[in-house]
Each structure stands twice: as structure tokens, then as C-alpha cells.
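Below, all heavy atoms of this structure are taken into account, side chains as well, without hydrogens, waters or symmetry copies. Predicted, not measured: the structure shown is a model, and the values here were computed from it.
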Amino acid sequence: TLPYKKYPEIPAFNIRLMDSFSVFNTFNIPRGRPILFFYFDPDCKHCHDVAAELIKGMDSISNVDFYFVTPSVNMTRTREFYKDLGMEKYKNIKVMGRDYEYFFIDYYGLNSFPDFALYDEHKKFVHLFQGRLTVRDLFEYTHR
């Protein structure tokens, strides 16, 4: 059994932020709003398309806090991904950075991009989406 199935609360792991220096630990994510980890590669066109689709529907899912996580060492491309999609406009996009310890892959048993781990407002696991996530899916899972 994969760890996320055994431990229903958000795991604590480190994300190196886009300045390539600062580190954010997921332990510091506050309760009170649904949380989505968007696991991506900045060179993945499908990841870009899914992110663009979610951003287009952001009004419907503005209640969700987004944490974009990549294993990519290319922070220049990660910053471009962020900038290309105009992510700075959205207050609910909380973090964009590198999973430099490669925690995400092992914890969730992933082998492709993009993938999404959704947690509720109490930081409890809700669902793992693999490969695709629509605004409608996210809306339905966060408005029950």
C-alpha cells in the first residue's frame, strides 16, 4: 500500500521555491480551504494545457489553494511556466517550486505528468487524479 493511502493527512515535505533558495514545508499549509498539489514538468505540453484550462476556470475553483510541484532542476523553465500562464494574478496559487527530495513520486506512486493530489479543508486526503483534471472535476470534489 502506498503511503498516501495509509496516512490520510497532508504529508510534510519540502518544496524549493522559484528563487532557488527558499524552502517551503507543506507542514505550514493552513487548514480551512481545499488544497491541490499539481505535480508537473515545465516542459510537458499536456501539463501546460491542463494548467491553462484550470486557470481559465479559476472563478469556479477560487476556493482551492494550489501548490505546483515539479521534480525539474530547471528553475528557469519553471519560472517561465508560471509567467506564461499569468499565475501571479491568482492569490490561491500559493506555491510553485521544486520537489528536490523527490518525495512526491514515491509517496503517491507516480510515473507520469501531470498528477494531482486533492486534500480537503481539514488537510485530509480526498482523491488522486492521474494525467487529467478538469475544472468540473475539481469543482465537484470541492463543493460536496
Side-chain angles (χ1 to χ4, degrees), residues 1-44 46-75 77-79 81-83 85-144:
T1 302
L2 290 166
Y4 80 93
K5 292 180 179 179
K6 290 183 200 171
Y7 310 105
E9 197 152 308
I10 289 179
F13 66 98
N14 293 317
I15 301 168
R16 181 152 331 269
L17 302 179
M18 287 191 299
D19 66 6
S20 298
F21 176 74
S22 304
V23 173
F24 176 82
N25 187 284
T26 58
F27 176 81
N28 295 312
I29 294 174
R31 293 179 193 280
R33 291 169 53 92
I35 297 131
L36 182 75
F37 290 106
F38 186 132
Y39 194 68
F40 74 104
D41 184 289
D43 292 317
C44 164
H46 183 58
C47 296
H48 189 279
D49 293 347
V50 172
E53 182 183 321
L54 291 174
I55 286 170
K56 223 188 275 184
M58 195 61 86
D59 288 346
S60 307
I61 51 175
S62 61
N63 64 310
V64 179
D65 286 342
F66 288 78
Y67 293 80
F68 283 80
V69 182
T70 181
S72 176
V73 296
N74 190 339
M75 289 308 281
R77 285 292 300 126
T78 300
R79 286 188 288 273
F81 186 96
Y82 182 84
K83 193 172 185 175
L85 293 167
M87 292 183 174
E88 70 281 352
K89 297 176 202 158
Y90 302 95
K91 292 185 185 319
N92 61 325
I93 296 178
K94 301 296 186 180
V95 167
M96 163 88 58
R98 180 172 177 236
D99 175 14
Y100 64 94
E101 297 168 321
Y102 302 100
F103 175 86
F104 213 86
I105 289 172
D106 291 337
Y107 193 81
Y108 295 99
L110 305 174
N111 58 15
S112 64
F113 297 107
D115 291 302
F116 314 85
L118 178 64
Y119 289 81
D120 69 14
E121 64 276 7
H122 306 292
K123 298 171 76 169
K124 299 289 186 205
F125 180 77
V126 174
H127 194 76
L128 183 67
F129 300 89
Q130 293 183 281
R132 186 104 184 113
L133 174 65
T134 66
V135 171
R136 184 179 181 160
D137 294 333
L138 193 51
F139 183 86
E140 287 176 7
Y141 273 89
T142 59
H143 288 84
R144 292 182 170 188

Minimum-distance pair of heavy atoms, taken over all atoms of [X] and [Y]:
| X | Y | result |
| --- | --- | --- |
| Lys123 | Thr26 | NZ-O, 4.3 Å |
| Pro114 | His46 | CD-CD2, 3.2 Å |
| Leu2 | Tyr107 | CB-O, 4.0 Å |
| Ser60 | Phe139 | O-CD1, 3.2 Å |
| Asp137 | Leu133 | CB-CD1, 3.6 Å |
| Val50 | Arg132 | CG2-NH1, 3.1 Å |

Note to self: Consider side-chain contact (heavy atoms from CB on, under 4.5 Å). Of Val23, Thr70, Val73, which one does Tyr100 pass it with?
What the structure shows: Val23
Item checked: Single hit among Ile10, Val126, Ile35 for side-chain contact (heavy atoms from CB on, under 4.5 Å) with Asp120 -> Val126
Check: Do Ser72 side-chain atoms and Asp41 backbone N/O form a donor-acceptor pair below 3.5 Å?
Finding: no
Next item on the list: Spell out, as yes or no, whether a donor-acceptor pair under 3.5 Å connects the side chain of Lys94 to the backbone of Lys91.
Entry: yes
Next item on the list: Answer yes or no: are there more than 12 heavy-atom neighbours, outside Tyr102 itself, under 6.0 Å from its atom OH?
Entry: yes
Can you tell me how far apart [atom1] ([X]) and [atom2] ([Y]) are? Round to the nearest 0.5 Å.
| X | Y | atom1 | atom2 | value |
| --- | --- | --- | --- | --- |
| Phe68 | Leu36 | CZ | CG | 7.5 Å |
| Tyr119 | Ile29 | OH | CD1 | 9.5 Å |
| Arg98 | Asn74 | CZ | CG | 10.0 Å |
| Phe66 | Ile61 | CZ | CD1 | 3.5 Å |
| His143 | Asn63 | NE2 | CG | 4.0 Å |
| His48 | Leu85 | NE2 | CG | 4.0 Å |

With [X], which residues qualify under side-chain hydrogen bond (donor to acceptor under 3.5 Å, both in side chains), at least two apart?
| X | value |
| --- | --- |
| Asn25 | Asn14 |
| Glu140 | Arg136 |
| Asp43 | Arg77 |

Margin query: Pair Phe116, Phe38 - check ring pair (Phe, Tyr, Trp, His ring centres under 6.0 Å), show working.
Written below: CA-CA 5 Å; Phe116 314 85; Phe38 186 132; 4.6 Å; yes
Margin query: If the condition is side-chain contact (heavy atoms from CB on, under 4.5 Å), which residues does Tyr90 pass it with, not counting sequence neighbours?
Written below: Ile55, Met58, Asn92, Ile93
Heavy-atom distance under 4.5 Å between the side chains of [X] and [Y], does that happen here?
| X | Y | value |
| --- | --- | --- |
| Met96 | Pro42 | no |
| Glu88 | Tyr82 | yes |
| Phe81 | Met18 | no |
| Ile105 | Asp99 | no |
| Leu54 | Val135 | yes |

Next item on the list: Sequence neighbours left out, what pairs pass salt bridge (Lys or Arg N to Asp or Glu O under 4.0 Å) with at least one residue falling in residues 7-32?
Entry: Glu9-Arg31, Glu9-Lys124
Next item on the list: Return the set of residues passing salt bridge (Lys or Arg N to Asp or Glu O under 4.0 Å) with Asp65 (not counting sequence neighbours), or none when no residue passes.
Entry: Arg33
Next item on the list: Evaluate ring pair (Phe, Tyr, Trp, His ring centres under 6.0 Å) for Phe129 paired with Tyr141, printing each intermediate quantity in order.
Entry: CA-CA 11 Å; Phe129 300 89; Tyr141 273 89; 5.1 Å; yes
Check: Parallel under 30°, tilted from 30 to 60°, perpendicular over 60°: which one fits the rings of Tyr4 and Tyr108?
Finding: tilted
Note to self: Quick check: Phe13 with Phe37 (ring centres under 6.0 Å apart)?
What the structure shows: yes
